[in-house]
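Take a look at the structure below.
Start at 1 and go down the list; that is how both ligands and their atoms are numbered.
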Amino acid sequence: MSKEILALLEEKRERTRMGGGKARIEKQHAKGKLSARERIELLLDEGSFEEWDMFVEHRCSDFGMEEQRVPGDGVVTGWGTIEGRAVYVFSKDFTVFGGSLSKAHAEKIVKVQQAAARNGAPVIGLFDAGGARIQEGVDSLAGYADIFMENVLASGVVPQISVIMGPCAGGDVYSPAMTDFIFMVRDTSYMYVTGPDVVKTVTNEEVTHEELGGARVHAVKSGVVEGAFDNDIEALTQIRRLITFLPQSYAEKPPVIPSFDSIDRTDRSLDTLVPANPNMPYDMKELVEKVCDEGDYFEISPDFGGNIICAFGRIDGSTVGFVANQPMTLAGVLDIDASRKAARFVRFCDCFNIPIVTFVDVPGFMPGTKQEYGGLIKHGAKLLFAYAEATVPKVTVITRKAYGGAYDVMSSKHLRGDVNYAWPNAEIAVMGAKGAAEIIYRADRDKPEKMAEHTKYYEERFANPFVAASKGYIDDIIKPHNTRFRIARSLRQLKNKDVKNPPKKHDNIPL
Ligand code: HXC
């Protein structure tokens with residue numbers, strides 16, 4: 001082969017790598033954003049990226065588009081590795097037609113989505129785009145639908161992750177919405193179905209991009225995204241970290257990363273984690289941190305539904321999903337946000353063979369009109385349903401309160417919890433002793449001494465784990481300092497668990 005041909009190829013590649021040109025890349029940098037290719041470089045192991053379809057161009061000839069063709073057409077696609085394991089990527093190039101989506105652009109994305117599903121590896125999308133390519137009309141809408149279809153077919157087959165790193169509007173929001181996790185970058189990204197101009201026209205409401213769909217909205221208020229980071233570099237580094245916790249597909253067990261943290265490590269400080277006063281809060285994250293390998297865990301939606309903690313960690317080298325009530329926020333009550341957040345996390349774990357470790361300290365479901373009008377019944381049922389249908393190993397530890405319906409929901413024995421432990425101070429009851437006494441002994445309501453007596457009796461009868469243990473609902477009462485060891489041994493015991501739900505087309509979770 002002549003040197004000239006090879007040089008020509010390199011020259012063409014080099015030109016393509018410049019996307020929309022130096023000026024537009026500089027504009028991108030000036031906004032605090034990296035370019036599409038710089039992002040991929042940071043996301044993947046060094047030198048591992050193989051780009052596909054870099055010479056693809058759009059086929060539109062309306063509005064003078066035949067004069068404007070840029071190889072790659074606004075999206076960089078291909079595959080590479082993270083910590084040596086394959087992942088498929090697409091990264092929207094805002095410097096080319098604002099990253100907007102043409103039919104050819106969509107075909108490139110569909111190609112990596114299909115390869116990911118076929119070859120059993122995660123797919124990661126980096127978004128920074130202006131939505132449908134306006135010049136292409138219905139072809140662009142068709143392209144979006146093709147991507148949505150692949151999202152749905154790949155759901156539960158391979159992990160799908162979206163990172164919003166710039167504008168993301170119109171058609172661009174629904175593909176991320178169907179992936180397993182969405183993350184945003186603070187101040188440089190926003191996400192909405194319709195932008196501020198349309199909002200103003202339709203509702204007369206004046207709102208900024210940030211107020212309508214910034215990271216603070218979606219990571220804190222709407223719960224649409226599972227986390228927000230300060231800049232592109234932090235976001236991409238954290239996605240690399242998240243990937244290390246996940247299996248490549250539903251057909252694999254989670255990866256094992258050997259650690260120096262022995263499973264029989266005890267932690268005496270856990271014996272005093274729960275305060276003597278049952279109404280005093282404590283930080284459940286301390287338990288998660290002290291139980292998992294080397295205290296290393298990745299929290300999902302840390303700023304939304306703070307009354308429940310969802311996190312990936314490792315025990316005995318292998319990934320587990322922690323779900324834990326957080327007494328520090330709203331006393332760890334289950335409300336709409338917490339139920340939705342945890343239900344989706346439990347389902348993700350079940351899809352991808354990740355055992356679930358549940359820490360329970362829950363006073364019940366949140367009462368009140370706000371919750372009832374918002375549909376707490378349906379949302380709470382999501383979590384109940386998710387736990388009940390999950391067939392992965394489920395280990396539960398009740399650290400303090402397990403009251404009412406929330407006791408049932410939080411991975412109880414009755415929902416096929418495999419191993420259910422309680423700490424010695426656990427209170428398993430229909431409700432708190434005071435409230436219970438006031439209902440049962442209504443006639444004595446105005447007699448404080450009598451009420452104190454009734455409350456004490458109820459406490460003695462139910463505010464302990466022994467009644468539940470005597471019925472076999474709790475498998476053992478364990479010492480807090482031994483919690484890591486007991487969970488780790490249980491997970492070893494459950495390694496080959498094989499449970500299948502009855503044959504059906506699919507279930508009908510209360511959406
Ligand atoms: C074609 C587009 C484009 C689009 C941006 N560009 N969006 N080209 N189709 N949708 C081009 C611009 O013309 C410009 O080209 C370049 O990208 C950069 O855009 P700017 O506007 O200069 O950038 P900025 O000021 O940062 O604003 C970014 C933006 C804005 C907020 C995203 O561009 C914008 O509002 N775009 C339109 C968004 C939109 O309404 N999309 C359609 C949504 S409807 P030059 O050559 O000047 O660099 C939809 C329906 C699908 O998506 C539904 C499927 C279910």
Side-chain angles (χ1 to χ4, degrees), residues 18-36 56-76 90-110 113 125-152 162 164-179 182 184-185 187-202 206-215 217-218 224 232:
M18 288 308 289
K22 200 160 167 268
R24 286 195 179 90
I25 293 177
E26 276 167 9
K27 221 169 147 188
Q28 183 86 347
H29 288 163
K31 286 182 190 159
K33 302 194 291 182
L34 296 173
S35 72
V56 162
E57 294 177 354
H58 70 74
R59 302 180 289 272
C60 177
S61 52
D62 288 316
F63 307 102
M65 286 298 278
E66 65 276 19
E67 307 295 326
Q68 305 177 52
R69 294 193 201 277
V70 181
D73 203 37
V75 63
V76 183
F90 60 91
S91 177
K92 301 270 190 168
D93 186 350
F94 190 77
T95 69
V96 178
F97 308 119
S100 59
L101 185 129
S102 69
K103 189 73 168 70
H105 173 129
E107 285 162 4
K108 287 180 64 173
I109 295 175
V110 166
Q113 288 178 301
L126 310 180
F127 290 81
D128 185 357
R133 177 90 46 88
I134 292 162
Q135 297 89 335
E136 286 220 2
V138 70
D139 267 345
S140 174
L141 303 184
Y144 272 123
D146 291 343
I147 293 169
F148 302 155
M149 194 65 229
E150 296 305 327
N151 281 132
V152 174
S162 308
I164 315 300
M165 312 184 87
C168 186
D172 272 318
V173 299
Y174 280 111
S175 173
M178 285 189 290
T179 60
I182 312 178
M184 288 182 84
V185 181
D187 300 319
T188 49
S189 75
Y190 45 88
M191 212 185 166
Y192 38 63
V193 177
T194 47
D197 295 344
V198 178
V199 170
K200 169 87 179 119
T201 314
V202 177
E206 287 199 33
V207 68
T208 64
H209 292 285
E210 184 63 31
E211 286 163 352
L212 187 61
V217 171
H218 291 311
V224 163
D232 285 14

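With a 4.0 Å heavy-atom cut-off, ligand 1 is reached by no atom of Tyr174. Only side-chain heavy atoms of Leu141 come within less than 4.0 Å of ligand 1; its backbone N, CA, C and O stay farther off. Using a 4.0 Å cut-off between heavy atoms, Ser100 contacts ligand 1 through its side chain alone, with no backbone atom that close.
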Quiz item: Please walk me through it: do His105 and Phe97 pass ring-ring contact (aromatic ring centres under 6.0 Å, His included)?
Solution: CA-CA 11 Å; His105 173 129; Phe97 308 119; 9.6 Å; no
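Atom 1 (C) of ligand 1 is approached by the protein to below 4.0 angstrom, counting heavy atoms only. Less than 4.0 angstrom separates atom 45 (P) of ligand 1 from at least one non-hydrogen atom of the protein. Distances from atom 35 (O) of ligand 1 to the protein include no heavy-atom value under 4.0 Å. Distance screen at 4.0 Å: atom 23 (O) of ligand 1 has a protein heavy-atom neighbour inside the cut-off. Within the 4.0 angstrom cut-off, atom 52 (O) of ligand 1 has one or more protein heavy-atom neighbours. Within the 4.0 Å cut-off (strictly below), no protein heavy atom is located near atom 14 (C) of ligand 1. Protein heavy atoms come within 4.0 Å of atom 8 (N) of ligand 1.
In this structure Phe94 satisfies the ring-ring contact (aromatic ring centres under 6.0 Å, His included) test with no other residue, sequence neighbours excluded. Remark: Val217 pairs with no residue by the side-chain contact (heavy atoms from CB on, under 4.5 Å) rule, at least two apart or across chains.
Residue-ligand proximity, Tyr190 to ligand 1, at heavy-atom distances under 4.0 Å covers atoms 31 (C). Near Gln135, the atoms of ligand 1 lying under 4.0 angstrom from a non-hydrogen atom of the residue are 1 (C), 9 (N). Near Lys31, the atoms of ligand 1 lying under 4.0 angstrom from a non-hydrogen atom of the residue are 26 (O). Within the listing of ligand 1, atoms 49 (C), 52 (O) sit less than 4.0 angstrom from a heavy atom of Gly170.
In this structure, Lys33 pairs ionically with Asp128, as a charged nitrogen and a carboxylate oxygen lie closer than 4.0 Å.
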